[in-house]
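Working notes, structure below.
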Amino acid sequence: MMKRRSWQEYQKEIADDRYYYARSCIRQNFFPGSEKAFIDILQNDLGKELLDDPKHSSCTGIGYHSDIVPLETIMTVVARQFSLMNEAGYENFVTSCITSFGIYCEVLSTWNEFPETEEKTRENLLKATGREFRKPASLAHTSDVMFHFRDQIAARAKHRLVNAVTGEPLKVVEHIGCHYAKIFPKSGIGGSEFPYVLAGMIESWGGEVVDYPERRHCCGFGFRNYLVQANRGYSIANSHKKLESMAPYKPDFIVANCPGCAMFLDKWQYTIAEMEGTTYGQNGHGIPVLTYEEMAGLVLGYDPWALGLQMHQVDVEPLLDKMGIEYDPAAKYLGRNGKYIGKPASAVVNCCPTDTIYDIRE
Amino acid sequence: MAAIHFGYTISKPRAIDLDRNNLRKSDEILREMPELQTCIGCGACTAICTAGNLTSFNFRKVHTLVRRGEYQGAYEEMNKCMLCGKCRLVCPRGINTRGVVMLIKRKLGDF
Amino acid sequence: MKKRIIVIGGGVAGMQTALRLAEQGVEPVIVEKEPELGGKLRGWHVLFPSFTPAEEVLTALRRRVNESGIEVLTSAEVVGLEPRSVRLADGRELHGDSVVVATGFTLFDASIKEEYGYGIYDNVLTSADLERMFNEGRVARADGTAPRRIAFLHCVGSRDEKVCQQHCSKVCCITGVKQAMEMKKLFPEADVFNFYMDIRMFGPGYEEMYREAQQKYNIHFVRGRISEAAPTIDGRVQIKAEDTLTGRPLRMSVDMLVLLIGMRANDDNARLAEGAGLNRASSGFMAPRDLFLGNVCSNVGGIFYAGAVTAPKSIGETLNEATAAADAAAKYAEA
Amino acid sequence: MTFYAPFCLPFILGAALMFLIVAWKWGKWLWLLPHEDKMRILRGLPTRRTVAAIGEVVSESLLHRRIFRVNPLLGYMHMSLAFGWFLLILTGWIETVAHIGFRYVPLQGHVFFKYFATGLEHKPVFDFLMDLFLLFVLSGVALAWGKRFYSRAMGMHRTTKHVLGDRIALSALWFIFPARLLAESTTCALYGGGSFLTGSLGGWMAEHIGVMPLMTLESVAWWFYSSCLGLFFVALPFSRYMHIFTEIPLIFLRRYGVRSSEKESSYDRFQVEACSRCGICIDPCQLQSVLGINDVQSVYFLRDRRYGHLRLQVADNCLMCGRCVERCPVNIDLNTLRLNSRDRMRNVPDERRYGYFKGLDRSSGEGKVGYFAGCMTLLTPRTLTAMSTIFEAAGEEVWWADREGGVCCGRPLKLAGETDSARKMMKYNADLFRKHGITTLVTSCPICLKVFREDYDLPGVEVLHHSEYILRLIRAGRLTPERGTTRFTYHDPCELGRGSGIYDEPRAVIEAVGQLLEPASTRENALCCGSSVANTAISDGQQVQIARAVAGELEATGADVIVTACPLCKKAIGRGTKGEVRDLAEIVAGALK
């Protein structure tokens with residue numbers, strides 16, 4: 001994909017072990033298997049130490065970007081997370097959410113540029129909670145960690161990102177959350193223009209990255225743009241633009257490293273189908289959207305339903321078949337207790353002949 | 001289609017997309033009036049404009065949009081012009097602005 | 001005995017300084033780090049605004065340097081200087097009665113503005129690349145086909161805080177106009193778009209040329225800086241900008257994107273300045289003693305400046321300044 | 001006695017066809033006239049206007065008085081052809097009557113009387129007269145030939161470039177009279193008779209040519225003569241020679257008060273086909289003399305319009321300065337015709353257009369006198385300030401209609417052909433004037449003035465140009481400018497001079513403040529500044545070229561200051577000269593104590 005290796009100029013230190021894990025507020029709802037998969041992969045497959053601390057809270061980034069939470073408040077919240085990490089004896093902070101990652105980067109950078117704000121935060125934290133804190137030795141997004149171990153994962157791969165029948169590499173669209181590196185290009189692997197964090201995983205695991213014109217474009221979440229219903233048309237227009245731009249490349253799936261992006265690129269496909277009658281992907285069944293943890297999970301041979309892939313709006317079965325992954329169609333909508341968990345509306349909406357709709361029984 | 005009403009629709013892109021816009025008429029206009037291409041966007045025409053002082057009519061902007069193939073509404077905008085000719089007297093590039101108004105109307109109004 | 005003056009740099013400025021010195025009865029020596037004289041003018045195709053072949057100017061200067069019997073040291077890099085001596089990288093030390101610094105400038109590396117995809121996508125090139133293509137007589141896309149739509153982007157590496165180049169490189173605007181016209185001559189059917197922030201036509205005949213490019217060549221000038229370039233499925237480049245005069249974002253695919261790269265200060269200016277106690281401007285270029293009565297003098301007696309070492313300049317301005325610098329240096333040496 | 005021979009056939013057929021077509025055309029045009037025009041004609045018929053029309057037909061269609069004014073030689077040429085031929089026909093008819101009394105003679109009998117009258121007794125008086133008139137016509141033909149080669153002798157720098165049909169008709173016309181001379185001379189050679197021309201030539205032929213060849217020659221010559229006539233007559237209704245017949249009804253209709261308007265009408269056909277394409281309109285056209293544009297002048301405009309291939313580029317490219325109108329020997333209303341062509345090509349009625357006028361009123365002040373600066377005057381603030389000074393000095397209470405910006409008077413749009421939309425502006429302004437109850441409307445822009453006077457419905461409001469108004473103030477003693485020694489020259493704005501007939505008032509005002517020097521082209525012949533709003537085709541550079549030419553003539557007077565009375569002329573001339581250009585109001589205000 002990237003003919004020249006300009007991304008190599010943007011590298012960063014990623015700790016090898018002992019991570020303090022900060023979860024995302026919203027991912028548990030959309031892709032509930034992802035964070036679990038990350039913990040499992042790190043702890044079981046890679047044998048790393050990771051603390052999933054029940055005491056940590058939301059970073060309040062959504063509130064911050066929606067002008068509800070003031071800067072001083074969010075700095076104090078961030079400081080509390082760090083304090084919890086210190087207390088647990090960890091110093092490598094990893095966060096599951098891109099928004100949070102951006103927030104942590106921004107707060108650390110602000111403290112660095114304006115030391116008086118750090119002092120004030122210490123004061124505030126002490127006043128509010130009686131706590132003190134030390135800044136983390138390293139800060140990384142969990143996709144950075146996954147990238148860091150991409151070769152180890154490749155070595156354990158049960159499946160590769162190749163078409164099991166033809167042997168061709170799968171075409172993968174990678175989407176990086178805006179707050180990953182667009183705020184601080186140096187904070188992301190590969191910088192903001194040619195980020196390599198997901199591309200590196202895809203290439204290591206046998207896939208081919210699609211470089212399409214709107215690759216850098218925002219998914220459309222944009223906080224205020226989605227949260228206010230009147231602005232949602234603008235939000236969906238951005239996803240629409242991206243999907244239109246990637247469609248000619250016929251990607252096999254999309255992978256994202258941001259909670260909102262993965263959700264919007266997935267769910268908006270259904271909405272666009274309802275609104276415009278346009279469906280993307282082969283035979284119009286939609287382009288499956290994975291999180292990088294799900295992608296890694298599939299590569300490592302995790303059960304698709306254990307990864308929570310049934311929660312996606314766009315059916316992932318065509319992708320599973322391409323990769324040659326075994327799965328039980330009957331178990332798709334059964335929870336871990338074996339009970340029916342309900343089913344999302346199909347992203348394929350009355351827009352193509354029914355015989356072209358992917359039939360999972362075949 | 002649109003079986004469900006979501007309370008919003010996909011916003012139309014505001015971008016001027018030169019890959020999609022049909023520049024045929026714009027090319028015809030520039031062929032007939034090549035001096036229009038010398039506009040440097042100073043806005044003197046719009047500042048002096050008799051109609052522009054009474055409405056939101058912006059001659060500079062409208063003809064620039066037309067040159068980019070954005071014809072939607074240009075005819076109606078140009079119809080706000082009273083053709084008084086003050087703009088022609090102030091144009092530092094000596095563009096025949098009145099001729100431009102009539103040319104754009106002729107090309108976009110198909111007469 | 002003849003006075004001896006060391007001219008650092010064998011580009012247009014250096015050669016003209018040396019020629020003038022020789023004319024004044026002084027013995028110049030040119031120290032050039034490249035294996036041959038010519039500097040940045042080598043590889044340039046034609047010069048604005050008259051479309052004079054660069055080769056013509058270069059050949060004349062080289063021939064005259066040769067005919068005047070001026071001593072030339074090539075492949076000799078200067079690592080330090082003082083008013084009466086110059087130290088070379090190989091350890092040699094040259095002595096003279098004064099020094100003229102004519103080390104010129106460095107072309108901005110377009111790959112730093114990585115959002116434009118230079119060095120990453122095919123069909124994104126710089127103005128310098130285009131000149132080379134003109135010289136080679138083969139201007140085409142990477143796949144050899146003729147471009148149907150060409151975009152020029154002005155101010156790449158100029159007036160851009162993001163790459164620490166606040167200054168205006170002065171000559172890129174007119175170069176963009178010149179190259180756009182050359183492209184239109186080569187490909188009359190092609191649409192040419194110039195994306196600019198300001199058009200600065202500072203010289204005689206430049207504005208006329210700009211107007212000609214608009215009216216006669218139908219070159220589209222769009223006021224707005226391209227924000228990013230991305231490849232399209234058919235190997236073209238999609239660019240995005242704001243058409244600020246309509247207040248609307250603008251996007252389009254082009255077959256060729258030409259980046260008009262600016263001039264930046266040489267990296268070794270800092271070292272030379274520090275060694276000799278010379279002042280530098282915030283742009284990194286050398287600062288003349290003052291901008292009016294001493295614009296070819298440095299703040300150190302015996303060290304003089306000629307050409308783009310102090311700021312971006314056109315060839316004509318450089319030649320004039322070289323003459324002035326030579327006169328000042330000769331006067332200093334004679335005193 | 002029979003008045004028929006086979007050679008008459010071409011003539012008979014040609015003449016019949018011509019009369020049929022001309023009758024059909026006239027009939028159709030008259031039939032299609034609007035009702036009120038038909039009523040005008042009916043009401044006018046029994047009045048003295050008919051007599052006056054007959055007089056004008058004689059003086060213009062036959063004698064070509066107006067062309068004499070352009071150039072005597074050119075006038076003589078046209079007169080010799082028209083009047084000479086008329087005399088030949090008339091005398092020929094009398095001759096027939098003299099020979100055989102009042103009895104029916106077919107047309108060819110009159111025309112070819114010489115051929116049929118060989119057996120009759122000679123009447124030398126008629127022979128002499130007929131030869132004299134033939135010589136008269138032939139002299140015109142000779143001049144017409146000469147004009148082809150050297151038009152300057154007749155005061156024309158450029159002549160019309162003719163189309164093929166015109167060339168055929170022209171050639172036929174040129175051969176008619178030499179052919180007649182030859183035919184009659186051969187007949188004289190064989191049968192005697194004729195006077196100094198046909199008689200002498202006939203005698204010479206009889207001496208030098210045998211009888212048999214002469215008889216063959218006679219037959220050929222009469223056939224040729226008849227054919228030339230036939231060909232000319234067939235070509236006439238389709239060529240420029242249609243003017244011969246069309247000018248006559250045009251004169252009558254005009255006398256009865258029928259006029260062209262901003263919308264095309266059937267009456268326009270009379271005007272369009274009355275154009276003889278003499279080309280007199282080409283020389284005064286500054287687009288031609290300064291810019292070398294030579295395919296848009298009135299003669300070409302009318303030709304293109306007549307044949308239905310008028311292009312917008314031609315219709316648009318005219319300053320409408322009216323210089324050609326002044327010279328037109330047929331008095332065709334060229335500007336109005338051009339205007340209604342533009343209207344047909346461009347007018348798109350749009351009810352919603354200019355909806356933004358609703359409720360708009362930016363006027364200020366109060367008074368019985370309203371001042372409408374006009375768009376262009378807002379770009380010449382010195383004029384505006386001068387007017388303010390003048391009003392104040394005269395103690396006039398003034399209502400300022402558009403000092404803070406207003407709606408254009410509508411004339412520029414009308415001149416561009418969008419007449420229906422222009423009416424909206426006119427209505428808006430007229431309503432505004434009425435609303436503020438003014439009794440006098442002063443404007444310093446002749447463009448506005450013309451449209452106020454001609455198109456606005458302003459009962460009870462006197463419309464004055466500021467030159468008229470200022471003169472009135474001076475004469476009433478309300479303004480007392482001091483007469484200085486400055487030498488002024490005056491540029492007549494087209495819309496003020498030729499357009500509104502105001503020549504004397506500005507001159508009188510200038511005389512009140514200084515000395516007036518007239519430029520070479522002045523009053524009716526004054527040049528146009530080149531920036532006329534009527535022209536949307538020429539470029540800025542071309543406007544400047546015209547302005548330079550005009551300024552050159554004004555500077556040549558040696559005056560200190562160029563004065564004009566139109567903001568647009570002032571702007572335009574200012575670009576053509578380095579000297580001082582002032583509006584009339586400025587010099588008056590400057591001369592006030």
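What you see is a predicted model; the values in this text were computed from it and never measured.
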Considering only NZ, NE, NH1 and NH2 on the basic side and carboxylate oxygens on the acidic side, decide whether [X] and [Y] come within less than 4.0 Å.
X	Y	result
B:Lys105	B:Glu77	no
B:Glu32	B:Lys107	yes
D:Arg305	D:Glu264	yes
D:Lys427	D:Asp455	no
D:Arg346	D:Asp316	yes

Picking from D:Val544, D:Leu568, D:Thr536, which has the most non-hydrogen pairs under 4.5 angstrom with chain B?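 Of D:Val544, D:Leu568, D:Thr536, D:Thr536 has the most heavy-atom pairs under 4.5 Å with chain B.
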
Of the backbone (N, CA, C, O) and the side chain (C-beta and beyond), which part of [X] lies under 4.5 Å from a heavy atom of chain B, both, or neither?
X	value
D:Arg362	side chain
D:Leu360	side chain
D:Leu415	neither
D:Ala572	neither
D:Glu404	neither
D:Asp350	side chain

What part of B:Leu103 is in contact with chain D, defined as an atom under 4.5 angstrom from a non-hydrogen atom: side chain, backbone, both or neither?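 Neither the backbone nor the side chain of B:Leu103 comes within 4.5 Å of chain D.
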
Segment of B:Cys81 engaging chain D (4.5 angstrom heavy-atom cut-off): backbone

For chain D, which of B:Asn53, B:Val100, B:Leu54 has the most heavy-atom pairs under 4.5 Å? B:Leu54

Can you tell me if D:Asp343 uses its side chain to pair, donor with acceptor, with the backbone of D:Glu418 under 3.5 Å?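 Looks like no, no N/O pair under 3.5 Å.
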
Taking the ring of D:Phe452 and the ring of D:Phe372, is the distance between their centroids below 6.0 Å?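 Yes, ring centres under 6.0 Å apart.
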
